[in-house]
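Read the structure below first, then the notes.
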Amino acid sequence: MYRKKMFIILAVVMLLSLILTACEPETIIETVVETVIETVEVEGETVEVIVEREVEVLKDKEILIYNSYASDPAPREADEEIVQMFMDKYPQYDVIHSTINHEDFKQAIRAYLTASAPPDVMTWFAGERARFFIDNDQIMDISDVWEGEGWVEDYPAGFKALSSVDGKQYFLPTSWYWWAVYYRVSVFEELGLEPPTTWDEFIEVCETLKENGKTPITIGTKYRWTTGAWFDYLNMRINGPEFHIDLMLGKESYEDERVLAVFDAWRELLDNDYFIEDAAAYTWSEALEPFITGEAGMYLMGDFIRDSLPTEIMDDLDFFRFPIMDPAVLIGEDAPTDGYFIAANSQNPEAAKAFLAYLGSVEVQTYNAEKLGRLPTHTGVDRSMFNAAQQKGLALIDGADYVAQFYDRDTRPEVADMGMNVFMEFWDDPGNIARLLEMLAELDAYRMEVFGAD
Amino acid sequence: MVRLRRNFLPYLFLAIPIIIYLVWVIGPMFYTFYLSLTNWDGLSSPQFIGFRNYERLFTDRVFFLSLTNNMKWLASFVTVPVVLGLALAMILNRAVPGEKFFKMSFYMPMVLAMVVSGLIWGWLYHPRGGLINSVLVGLGIVEKGPGWLSDRDLALWSIIIVAIWRQVGYVMVLYLAGLKSINPEYLEAAKIDGANDWQVFRKVLLPLLMPVSVIVLVISVIDSLRAFDLVSVMTRGGPANSSSVLANYMYIQAFNNYRMGYAASIAVILFLISLVFIFIYLWRVMQDELEY
Amino acid sequence: MKNAQAYFKSPWRVLIFIVLVLTTIIWLVPIMTSLVTSIRTFNDILYRGFISWPEEITLGNFKTAWERGGLSRYLPNSFIITIPSLLLTMLFSSMGAYALARFNFRGNRLIFFTFVGGMLLPFQVLMLPVFKLTDFLGLYDTYWGLIFFHTAFQLGFCSFMLRNYMRTVPGEILEAARIDGCSEFRIWWRIMLPLTLPAIAAVATLEFTWIFNDYLWAIILLRSEKLKPITAGLASLQGQFVTDWPVIVAGALLGTLPTLLVFLFLQRYFIEGLTLGATK
């Protein structure tokens, strides 16, 4: 008796899962003009007449796979909305949209790309991280889209250069944002503090916050990239953006004295306990918590910090340029650019290009700029609609002599990984100079291996 | 004819399982050996580079750190849960009031997914709002609780505690089964000979439980070598690699840094270490077989 | 009550019992804490401290995790993956186990030991090749890719367990059937399987929790959001509600519910499954 039951259950489950696995493409009704030859009887004779008529045909929607790393609540909502808008506007496409946790996405991207049927369109970072995939023939040449959509004229030359290799465009940059030191206005006001512009003022602010029982600077280093921002800024402020970029490109040595100066400044902050305790226990967004409650004063972060803050404190939030340490040094800022690309092996390049064209349009960029407060790349977006923060961020970047992407976007991923390990170990025991030198030597040996000896 | 058919039959029964097993488990295992001799980055085709990956492993500080951490994990695993599990089994082997409830409490952690255990404990360990520090501060034991997962000296141990929390129930189950299978007459005989409880335990019970203990030890060793999920969810090996274990380091190398060939060589080392214990286990099984 | 009196006959026993109770409490703390956390709001905990009387009790966290966290979508996926994997594993391993247990043939030992060795394998070793293989077979990002892998990987353990159990079945029964002219396939299906049912139930219960709780393979072999099982969903929940621990914990509890129910109702089998291979 039980065997019969087992058989039935087995069969049902298998069938069910088969049905659920099978991805039925949706259909749309399309009107097509058809030419037919009809026979008509005219005065007793049969005559063939060519007639045109409109016919409604059932057509399978074209499937487009789109993987996105916009997993924080606000960007996710905007992302889903954009996909919906696209499908409403172009009903012939059916976008299969997956949102993957930001950190998981970064790890899975190679698996996505090398799969025989990769996602057609993916979110990604401009700069070295995209360059790597372009060099490995994993990203589709979309020069035709750039040409066809008029982006060549509508996008600033800087963004075009960022997307190009050997004169061909591979990447669509759609938004960018600035990095700055964010602070709680009420906390500063309460203690009579002004946003610092120089390093000495900055140290003074930290000291005052600390004396008043506040954590001067919050940071979460469970994912190590947040330390990259501190390295970027200290290096750019002390040694200038040119040295920084050369270091990122493997042209300068990590054993250079100038790099040691960066760690000296960093050590000063660590030794004085200006950073939050137990930073490594938090992700960047968990570290927001003391910032939200007002226990911590400042946070060096990208403008996406806004996505994760409760609306109540939005009015109490402001930012200032990372303090100037040496007025003689040119000003460099981190302003990473995000965007999209099409996988080289995309199964449906036409649909992917249509989607990309839509993503790069003024319409979508305007929507994103309004909804998320990112800065658009398309010059056609009306800048007068920018809010105060966007205006200020824009001014901050306009005032910079050089714009970098970010530590792990400007250098090769494997070097960045090792570099961030050094930052983390240094953070843990800043006084151990022998160990630091040893690690930097190791890192530099690896840099030479990866970039090839100079 | 019948003889022939019967010779051929077992292969018929085994055909599908063996094919599936070869394709999905054995084949991939050998492919990993091959990958460990290449510099595959996950994109371009793998290039053969001989034993370069292994040479590099020997100078890789993080690799040795991870290996040491695995050994610490192993050392705690073959002691704490084993002793605790055995003690609990001894206590619960008798008709204790509320026996079912007690057993269930210790089994429960086993049922939870590792991810869930990691999440729940991550919350307990939370430096500010978490229960552990709230209690420590609330009772005035410390002024400020430690950063369980952010302190280099504590992170690994904090994770091992979670692993032990899960493991004790398992060990207890095994010992309970072992105790059930012991003929009570042996114990009676020892008592009649004037042995006290401790002597009975040492001289009679422990030797009789030996076969179970071997299994428990081997399983503990293997589990501690396979440790991955908890580390991955709770610290990702941080801070500064202090809680990194081999499986996690391999995962990071493969999917974070895209050094697939190098990751494969870590996997091979992990496999070779496990192999020793797999053989001990097989040897045990073999002995059982010979008893037939 | 009599039971209790008989137990507490010596002061030692009382002491042991107290220690037992204390240990149990420690063991239950994480789960109890989660329960309490899941019905409070994050602000409540944040501003008043964890050890405080809750200002309000809410089931909203469960609702948030279920609806906005997408657990309502992930949970069915877990079943769609787990159940076929379980059935296939049990089917194939009982076939293999039958051959290994009841026939003498060349390679029996070797195959058996390969299965046993494989069940102890650090599965991370297989990560990269299995991903490539699954993609090669066109099964990447499908339920079947994951189902086949689970089936294959769990074969080792299940065959080992079932084989050991099948060896304890008296040979006379099978001989009798053979003399009656029963085909081997019928013997396996009509005689061996029913006799092995207790072992199958035990192993299946255990396997259910293992496959259901898998996280690593789900994130490696699946790409689409709509295919992901609950464990992968929980991990992305942490990405989504980063600071809202009550929602994350509520989600974790929801995700545990199926395995917890299986465990509570099939506890006997679960325990048998764990001990089957270790002691005989």
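Below, read A as the first sequence line, B as the second, and so on, with proteins coming before strands; counting in each chain starts at 1.
Top candidate by heavy-atom pairs under 4.5 Å with chain B, chosen from Leu155(C), Thr256(C), Val249(C), Leu20(C), is Leu20(C). When the candidates Ile31(C), Leu100(C), Val19(C) are compared by the number of heavy-atom contacts under 4.5 Å with chain B, Ile31(C) comes out ahead. The candidate with the highest count of non-hydrogen atom pairs below 4.5 Å against chain C, out of Val168(B), Leu35(B), Val137(B), is Val168(B). Across Ile20(B), Leu14(B), Val111(B), the residue that shares the most heavy-atom pairs under 4.5 angstrom with chain C is Val111(B). Your options are Ile220(C), Thr231(C), Thr114(C), and the one with the most heavy-atom pairs under 4.5 Å with chain B is Thr114(C). With chain B as partner, the option from Thr209(C), Leu126(C), Ile16(C), Thr151(C) having the largest number of non-hydrogen pairs under 4.5 angstrom is Leu126(C). Taking chain C as the reference chain and counting heavy-atom pairs below 4.5 Å, the highest number among Phe30(B), Phe277(B), Phe279(B), Phe271(B) is found for Phe271(B). Comparing Gly255(C), Gly156(C), Ser159(C) by how many heavy-atom pairs each has under 4.5 Å with chain B, the most go to Gly156(C).
Of the atoms belonging to Leu133(C), it is side-chain heavy atoms, and not backbone ones, that fall under 4.5 Å from chain B. Using a 4.5 Å cut-off between heavy atoms, Val115(B) contacts chain C through its side chain alone, with no backbone atom that close. Heavy-atom distances place both the backbone and the side chain of Met260(B) under 4.5 Å from chain C. Heavy atoms of Ile271(C) lying under 4.5 Å from chain B belong to its backbone as well as its side chain.
In terms of modelled atom types and a separation under 3.5 Å, the side chain of Asp41(B) and the main chain of Arg259(B) share no donor-acceptor contact. No side-chain donor-acceptor contact under 3.5 Å links Asn70(B) to the backbone of Val245(B). With hydrogens and angles disregarded, no donor-acceptor distance shorter than 3.5 Å links the side chain of Arg236(B) to the backbone of Val231(B).
Note: Phe13(B) and Tyr98(C) meet the aromatic proximity criterion, with ring centroids under 6.0 Å apart.
Considering only heavy atoms from C-beta on, Leu131(B) stays 4.5 Å or farther from Trp123(B) through its side chain. For the pair Asn108(C)/Phe105(C), a side-chain contact is recorded, criterion being any heavy-atom separation below 4.5 Å from C-beta on. Side-chain contact between Glu184(C) and Leu12(B) is absent, with no heavy atoms from C-beta onward closer than 4.5 Å.
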